[in-house]
Amino acid sequence: MKGEAGSQRRDEQPEQEGHIWGSMRRTAFILGSGLLLLVAFWNSVTWHLQRFWGASGYFWQAQWERLLFAFEGKEWILYILSITHVPLVFFWGLNGLLLVVDTTGKPSFISRYRIQPGTNEPVDPVKLRQSIRTVLMNQFLISLPVMVLLYPILKLWRDPCRRELPTFHWFLLELVVFTLIEEIMFYYSHRLLHHPKLYKKIHKKHHEWTAPIGVISLYAHPIEHLVSNMLPAVAGPLVMGSHLSSIVVWSSLALVITTISHCGYHLPFLPSPEFHDYHHLKFNQCYGVLGVLDHLHGTDTLFKQTKAYERHILLLGLTPLSESIPDSPKME
């Protein structure tokens, strides 16, 4: 019996190694193909975008210099006002619209795009008020101090309020670096929080919503909000010594993307939330944002066997994907 067990383990080991190498080869192929396409179209695309960026005669540079002149000697106030107010406007502006739909069910046609039909129609008001209180506490007691403390650290590396705005090409490079750093840090910190001991005490709070809505993207235990939400987001700007303009755009973009990922609707012309919505539904799949590390570690295998995976695309029409790619009929 021992010999058979040992033989079975030896047989399983090559299979596991083959699976890992196969995943790495597929990922390398995907990334390599994407890189070749990026190189092929880089000059053309960025040329057009660069023209748009500077089409108004350095308009943005002039506006930035006006702000610097107005806050001369008090650049730290400009930094704090910008880094707190602009991302908050984007977060609560988008979530305000989503909350109108979630609480009133109007306009009714949007319910056709709901990923989990029959849930949050309307959302539980008591549960919602509790979640909003937690989100506000996380923003003002954790996010705000972290972003304020980021200023003197950035000053040691490179002044975030320096006179020259970043070029468009440099800003694109920063976005790539920010995204990759956040993907790595978020995936592993998020997966660590699913360890039974940490999940029960910390991460379970976020998973109270098995059918998420936009505003609960920041509904989390304070430790989780700091470790898994804030640190992955600020690490990129720290590494790159970024300008305040880059940090503000990145922070606003990150909040918009995470809101869409949690919104519960697969809306036309917006990034697909199917991936993270499935994580809330099943708990042990789809830990990352981009999905590359999930592919490498095999933490999206069950997701890939579902209709949700087929619907995990950019919706370019008005017909809901739940109608064009319906769930398989349930066996009685």
Side-chain angles (χ1 to χ4, degrees), residues 34-35 38-94 139 143-186 229-260 270-271 289-290:
L35 182 60
L38 179 63
V39 170
F41 293 101
W42 176 265
N43 288 335
S44 176
V45 172
T46 56
W47 182 78
H48 288 289
L49 291 174
Q50 181 68 49
R51 286 191 64 191
F52 170 77
W53 187 269
S56 54
Y58 301 101
F59 171 79
W60 296 113
Q61 179 67 42
Q63 303 312 308
W64 172 244
E65 290 182 6
R66 286 183 182 180
L67 280 174
L68 283 180
F69 180 77
F71 287 89
E72 187 175 5
K74 298 180 180 178
E75 288 82 3
W76 63 274
I77 297 179
L78 173 61
Y79 169 89
I80 292 174
L81 290 175
S82 302
I83 204 63
T84 56
H85 285 63
V86 177
L88 281 178
V89 166
F90 277 95
F91 179 82
W92 286 109
L94 177 56
Q139 287 181 322
S143 297
L144 180 60
V146 167
M147 299 311 293
V148 170
L149 288 172
L150 187 64
Y151 180 72
I153 300 173
L154 283 167
K155 286 275 288 186
L156 293 174
W157 170 220
R158 202 176 178 194
D159 187 2
C161 295
R162 52 190 177 273
R163 181 177 176 275
E164 291 293 328
L165 287 175
T167 65
F168 182 73
H169 289 79
W170 180 257
F171 176 67
L172 284 183
L173 175 63
E174 284 186 309
L175 281 183
V176 171
V177 173
F178 296 166
T179 303
L180 291 176
I181 289 176
E182 185 188 39
E183 172 71 5
I184 293 169
M185 293 184 67
F186 179 77
N229 290 341
M230 290 303 300
L231 293 185
V234 302
L238 272 175
V239 169
M240 299 297 287
S242 296
H243 193 278
L244 175 60
S245 58
S246 297
I247 302 172
V248 169
V249 172
W250 164 244
S251 300
S252 303
L253 184 62
L255 286 173
V256 168
I257 294 298
T258 192
T259 294
I260 293 172
L270 291 179
V289 178
L290 300 177

State, yes or no, whether a side-chain contact exists between [X] and [Y] at a heavy-atom distance under 4.5 Å.
X: Val256; Y: Phe91; answer: no
X: Met240; Y: Trp250; answer: no
X: Trp64; Y: Cys161; answer: yes
X: Ser245; Y: Pro166; answer: yes
X: Ser242; Y: Glu174; answer: yes

Any chance you could lay out the side-chain contact (heavy atoms from CB on, under 4.5 Å) test for Leu144 and Gln139, step after step, and finish with the verdict?
CA-CA 6 Å; Leu144 180 60; Gln139 287 181 322; over 6 Å; no

To the closest 0.5 Å, what do you measure between [atom1] ([X]) and [atom2] ([Y])?
X: Trp76; Y: Phe71; atom1: CH2; atom2: CZ; answer: 10.5 Å
X: Asn229; Y: Ser143; atom1: CG; atom2: OG; answer: 8.0 Å
X: Leu67; Y: Leu244; atom1: CG; atom2: CG; answer: 9.5 Å
X: Leu88; Y: Ile83; atom1: CG; atom2: CD1; answer: 10.0 Å
X: Phe178; Y: Leu173; atom1: CZ; atom2: CG; answer: 9.0 Å
X: Leu255; Y: Ile260; atom1: CG; atom2: CD1; answer: 11.0 Å

For Ile257, check side chain to side chain contact (heavy atoms under 4.5 Å, CB included) against everything at least two apart and list the hits.
Leu253, Ser261, Pro271

Which pairs would a plain distance check flag for residues 145-157, meaning a side-chain donor or acceptor within less than 3.5 Å of a matching protein atom at least two apart in sequence or in another chain?
{"unit_1": "Trp157", "atom_1": "NE1", "unit_2": "Leu238", "atom_2": "O", "d": "3.4"}

Could you report the tightest heavy-atom contact between [X] and [Y], atom names first, then the distance?
X: Ser252; Y: Pro87; answer: OG-CA, 3.5 Å
X: Ile181; Y: Ala235; answer: CG2-CB, 3.7 Å
X: Ile80; Y: Thr84; answer: O-OG1, 2.5 Å

Can you tell me if His169 and Thr167 form a side-chain donor-acceptor pair at under 3.5 Å?
no

Between Trp60 and Glu65: side-chain donor-acceptor atoms closer than 3.5 Å:
no

Would you check if the side chain of [X] reaches a backbone N or O of [Y] as a donor-acceptor pair within less than 3.5 Å?
X: Thr258; Y: Ala254; value: no
X: Glu182; Y: Ala233; value: no
X: Gln61; Y: Leu165; value: yes

Should we say atom CZ of Phe186 is surrounded by more than 12 heavy atoms from elsewhere, each under 6.0 Å from it?
yes

CZ/Arg158: more than 12 non-hydrogen atoms of other groups inside 6.0 Å
no

Pairs touching residues 72-85 that satisfy salt bridge (Lys or Arg N to Asp or Glu O under 4.0 Å), sequence neighbours left out:
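Applying salt bridge (Lys or Arg N to Asp or Glu O under 4.0 Å) to every pair that reaches into residues 72-85, excluding sequence neighbours, yields nothing.
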
